[in-house]
Structures are given as structure tokens and as C-alpha cells.
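Heavy-atom basis, side chains included; hydrogens, waters and symmetry copies ignored.
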Amino acid sequence: MSNKINMNTLRKIVTVFIFIHLSGYMHAQKICPDESVKVDKKKIKQCKKTVDKINFMQLKCDTVLHNDALFKAIYFDEQGQLRKYFLKRTVTDGAHDNVTMCAYYNDKGSLVYFSFNGSDNCEVHSEYYYVHNGQILDFMCWADYSCEELGNKKDTRPVVGSLLIRTVEWDWTLTNFIRSNTLLEILKSNKCGAYGEFSYIK
């Protein structure tokens with residue numbers, strides 16, 4: 001009988017432990033376009049094909065910035081057209097702040113895809129956007145923190161058909177990313193610095 005009681009108690013302890021361990025992740029939220037919103041599946045498919053095509057290309061890498069905390073590079077195709085932008089920030093302090101951003105461009109220099117992935121103090125946030133002529137075709141935002149705040153922010157919540165102006169996570173604009181030539185001009189300027197391609201939203 002004592003063994004039975006011990007086993008039952010052990011099961012309860014394990015169940016409680018698992019619940020506590022997972023409770024920090026149970027409030028995670030994913031934000032996508034509402035089912036009532038009509039998305040252009042044909043254009044989204046074209047964007048995905050472009051991204052897949054670029055990933056298989058032999059691209060020439062030009063390192064824009066590289067130090068202990070930040071790596072930033074741009075990638076060109078055989079015709080010299082900018083096809084990809086990549087940024088990775090890693091801060092090895094107590095916050096373990098990590099950010100990765102990536103942008104893809106079609107052969108006409110238009111942004112077709114932008115992604116943001118970040119983590120800070122064990123909190124994770126991810127976003128991606130499919131874009132056509134600067135407008136959002138489709139998106140996904142996922143976070144395991146501040147989910148109610150993320151979902152209820154009308155001023156930052158993405159909307160299909162609206163211009164891609166910013167990410168949900170950072171108060172920085174993405175308007176300089178819509179056209180590859182605009183991005184290149186800023187990156188090659190002496191005033192670019194670490195994050196000169198972004199503008200802070202006040």
C-alpha cells in the first residue's frame with residue numbers, strides 16, 4: 001500500500017513540475033491574418049518561389065559590418081543585383097540579446113520577404129512578411145511574452161494590404177528596405193553606422 005501511495009504521490013509531483021515548467025510557454029501567441037481577410041495566394045506563391053530561388057543562387061557576399069556584436073552583409077547575383085540582406089546581432093551580456101533579420105529582393109529590386117527573429121532574457125519573438133510593391137501580402141508574428149499587448153496593439157499590428165512600415169517588436173521603420181537601391185545608397189554612405197538603414201519611430 002505504501003508503494004502505491006508513493007507512486008501516486010510521485011506522479012502528482014511530476015505532473016505539477018511539468019505544468020510549472022511549461023506554464024511560461026502556455027501563453028504564447030501567434031498572430032496571422034484573420035480568416036475573413038482575403039490574401040492573394042498567387043502573389044504569395046510567387047514571393048516564396050523567389051525566396052527559394054535566391055537561396056539556391058551562387059551569390060556574392062559583401063560584408064558591410066563585422067565586429068564582436070554585429071554582423072551585417074549584402075548579397076548580389078551574377079548581374080550585380082542586390083538579392084539579399086542579412087543582419088545578426090549577438091550581445092553576450094546577461095540579457096543574451098540576439099537578433100537576426102533577413103530581407104529578400106526580386107530581380108527588379110523590390111522587397112518580397114522580410115523576417116525578424118529575436119530573443120532577450122529567454123523571451124522569443126519572430127515575425128515574417130511577404131511583400132508586393134511595399135504592401136503586406138501575408139504575415140506571421142509569434143511571441144512567448146506580452147502576448148495580450150502584442151495582439152492588442154492596433155498601431156503596430158500588421159494589416160494585409162497596408163504598407164510594411166515597421167516590425168511589431170522594434171520601434172524602427174523598414175521604409176528603407178522596400179527598394180534595394182534605396183537600401184544600397186544608405187548602406188554605402190559614410191553616415192550609415194551600425195543601424196543607419198533603420199529610422200527610429202518617436
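Minimum heavy-atom separation, V160 to K38: CG1-O, 4.3 Å. When all heavy atoms of P158 and I136 are compared, the closest pair comes out as CB-CD1, 4.2 Å. Contact between Q81 and G109 at its shortest, heavy atoms only, is NE2-CA, 3.5 Å.
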Would Y75 and R83 satisfy side-chain contact (heavy atoms from CB on, under 4.5 Å), going step by step from the backbone distance to the final call?
CA-CA 6 Å; Y75 299 82; R83 304 305 296 269; 5.7 Å; no
Would you check, one step at a time, whether the test side-chain contact (heavy atoms from CB on, under 4.5 Å) holds for T50 with Y104?
CA-CA 8 Å; T50 299; Y104 287 80; 5.9 Å; no
Run the numbers on I178 and L174 for side-chain contact (heavy atoms from CB on, under 4.5 Å), then give the verdict.
CA-CA 7 Å; I178 301 302; L174 299 176; 5.8 Å; no
Could you please spell out the steps behind the side-chain contact (heavy atoms from CB on, under 4.5 Å) verdict for W142 and C32?
CA-CA 9 Å; W142 186 92; C32 298; over 6 Å; no
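Atoms CG and NZ, on L187 and K72 in that order, are 6.0 Å from each other to the nearest 0.5 Å. Taking NE2 of H132 as the start and CG of L111 as the end, the distance is 12.0 Å to the nearest 0.5 Å. Note that OG1 of T173 and CG of L164 are 10.0 Å apart. Values are rounded to the nearest 0.5 Å. Here the straight-line distance linking atom CG of D138 with atom NZ of K48 works out to 7.0 Å at 0.5 Å rounding. Note: R179 CZ to L184 CG = 11.0 Å, rounded to the nearest 0.5 Å. With values rounded to the nearest 0.5 angstrom, I74 atom CD1 is found 13.0 Å from K84 atom NZ.
Counting only distance, with no hydrogens or angles, the side chain of N133 and the backbone of Q135 share no donor-acceptor pair below 3.5 Å. Between the side chain of N176 and the main chain of E197, a donor-acceptor pair closer than 3.5 Å is present. The main-chain N or O of F177 is found under 3.5 Å from a side-chain atom of Y105 such that the two form a donor-acceptor pair.
Aromatic ring orientation, Y130 versus Y113: tilted (interplanar angle from 30° to 60°).
Listed by chain and number, the residues in a side-chain contact (heavy atoms from CB on, under 4.5 Å) with K88 are F86, T90, T100 (sequence neighbours excluded).
Here F114 and F116 keep their ring centres 6.0 angstrom or further from each other.
A heavy-atom distance below 4.5 Å is not found between the side chains of V131 and C47.
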